[in-house]
Structure formats: C-alpha cells, structure tokens
> 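Below is the structure I would like to discuss, written out as structure tokens.
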Amino acid sequence: MRGLIRRFEPEDLDEVMEVWLISNLQVHDFVPKKYWQKNFGEIKRIIPMATVYVWEENGEILAFIGAMQNFIIAQFALEKARKHYIGKILLDYLKMEEDELSIAVYEKNTHAVRFYMREGFKVQSERLEESTGEKELLLTWSR
C-alpha cells in the first residue's frame, strides 16, 4: 500500500471517527456494540486535542494513531489496511517524537497485545475495566 503519514486536520474528524468505530466493532467484538456507540461522542471531543497522525491513501484515511501526554489513546486501521505494516509505520513515527509511550489494550485483543509486545512494549499492570468488565493491560515502551 502506498500512502502518506500526515498530521490530523480538523476536517479529518468524521473520517477518523469512522475508522475508530468500524475498527472497534471489528477487533473488539467481545465488547457490546452499544459501548462503542455510547463513547463515540466523547472520543470525537477528545481526538482534536490529541497529537494525531493519519495514514492517507488516494484521499482516504485508512488508519490513524493518537496520543496525549505519551499515552496512546487510539490506534486503528480499516480492515483493508491491516497486515500492510501501516500500524507499525504509524507507531514508529510516533516513537520518533516520544521517549516513552503507554497504551491500554484489552487482554482479549490478542493481535494488539502481540503487536505491541513485538514493538518493545512491556506489561506494566493489568486491571478490570469496570464499564466493559474486560481485563485491560497497561503496556509501556521507552527508548
């Protein structure tokens, strides 16, 4: 896939949120759909305040990564963009700017857990997320 990484622009918000919702429903099928729909508005409010990079190809946003104060609040790719190393490219791009990063990942999202572990993240702690009843792992990386 040939695309480019660029900084998020305000007019990208609807497209980024579409990637966020579609991807969450696909990769977190163990969490009720209502949870993602309920949190959509809050995430839409937060995304513009974060440092966000998008992967754009032919004018379409296929993936993005967003962080606030070294915490990755979201990293998602549409299904057609997965397995093309776009997630790794976006993460590496963010790593160039930060000395430390952390992210909370559902334990059941084994693909994401393996991905971040392979990228040098380590399990810092685990907790039960009350709103979903799912176990989350706090993963950290440092240079």
> Evaluate Q75 against Y53 for side-chain hydrogen bond (donor to acceptor under 3.5 Å, both in side chains), listing each step before the verdict.
CA-CA 10 Å; Q75 181 176 16; Y53 296 102; over 6 Å; no
> Could you see if F40 belongs to whatever hydrophobic cluster contains M49? Use Ile, Leu, Val, Met, Phe, Trp, Tyr and a side-chain cutoff under 4.5 Å.
yes
> What heavy-atom pair brings I47 and L13 nearest, and what distance separates the two atoms?
CG2-CD1, 3.9 Å
> Checking E130 now: which residues fulfil salt bridge (charged side-chain N to carboxylate O under 4.0 Å, His left out) with it, not counting sequence neighbours?
none
> Closest heavy-atom contact between G66 and V52?
CA-CG2, 3.9 Å
> Can you check whether D99 reaches N70 side chain to side chain, under 4.5 Å on heavy atoms?
no
> Between E57 and G3, which heavy-atom pair has the shortest distance, and what is it?
OE1-N, 4.0 Å
> Could you give the side-chain donor-acceptor pairs of residues 21-32 under 3.5 Å, partners two or more places apart or in another chain?
from : atom 1 : to   : atom 2 : distance (Å)
S23  : OG     : V19  : O      : 2.8
S23  : OG     : A77  : O      : 3.0
N24  : OD1    : H28  : ND1    : 2.7
N24  : ND2    : W20  : O      : 3.0
Q26  : OE1    : R82  : NH1    : 3.3
Q26  : OE1    : R82  : NH2    : 2.6
H28  : NE2    : N109 : ND2    : 3.2

> Ignoring hydrogens, what is the shortest heavy-atom contact between W141 and G120? Give both atom names and the distance.
CD1-O, 3.7 Å
> Work out which heavy atom in V105 is nearest to a heavy atom in A112; give both atom names and the distance.
CG1-CB, 3.7 Å
> Quick one: NZ on K95 to CD on E100, what's the gap to the nearest 0.5 Å?
13.0 Å
> In Å, rounded to the nearest 0.5 Å, how long is the span from CD1 of I5 to CG of L90?
5.0 Å
> So, the side chain of R6 versus the backbone of V54: is there a donor-acceptor pair under 3.5 Å, distance only?
no
> Any chain of hydrophobic side-chain contacts (each under 4.5 Å) joining I89 to M96?
yes
> Out of curiosity, K38 NZ to S131 OG, how far, rounded to the nearest 0.5 Å?
6.5 Å
> Quick one: salt bridge (Lys or Arg N to Asp or Glu O under 4.0 Å) pairs with a partner in residues 104-116, sequence neighbours left out?
E107-K135, K108-E134
> Between D12 and F8 (side chain of the first, backbone of the second, donor and acceptor by atom type, cut-off under 3.5 Å), is there such a pair?
no
> Could you measure the distance from the CD1 atom of I65 to the OH atom of Y93? Nearest 0.5 Å is fine.
12.0 Å
> Sequence neighbours excluded, which residues qualify as salt bridge (charged side-chain N to carboxylate O under 4.0 Å, His left out) partners of E60?
K80
> Verify the neighbour count for atom OH of Y85: are there more than 12 heavy atoms of other residues, nucleotides or ligands below 6.0 Å?
no
> Where do W55 and R2 come nearest, in terms of heavy atoms and distance?
CZ2-C, 4.2 Å
> Would you call L138 and E126 a side-chain contact if the rule is heavy atoms closer than 4.5 Å?
no
> At what distance, to the nearest 0.5 angstrom, does OG1 of T140 lie from CZ of F121?
8.0 Å
> With sequence neighbours excluded, what pairs up with E79 under the side chain to side chain donor-acceptor pair (under 3.5 Å) test?
none
> Quick test of your reading: applying salt bridge (Lys or Arg N to Asp or Glu O under 4.0 Å), list the pairs with at least one residue in residues 13-23, sequence neighbours left out, ordered by first then second residue.
D14-K44
> Considering only NZ, NE, NH1 and NH2 on the basic side and carboxylate oxygens on the acidic side, decide whether E119 and K88 come within less than 4.0 Å.
yes
> Let me confirm one number: the CD1-OG1 distance from I73 to T51, rounded to the nearest 0.5 Å.
9.0 Å
> Are M17 and I43 packed together at the side-chain level, in the sense that at least one heavy-atom pair is separated by less than 4.5 angstrom?
yes
> Side chain to side chain contact (heavy atoms under 4.5 Å, CB included) for M117 and L139? Distances and angles first, verdict last.
CA-CA 8 Å; M117 299 294 272; L139 305 174; 4.2 Å; yes
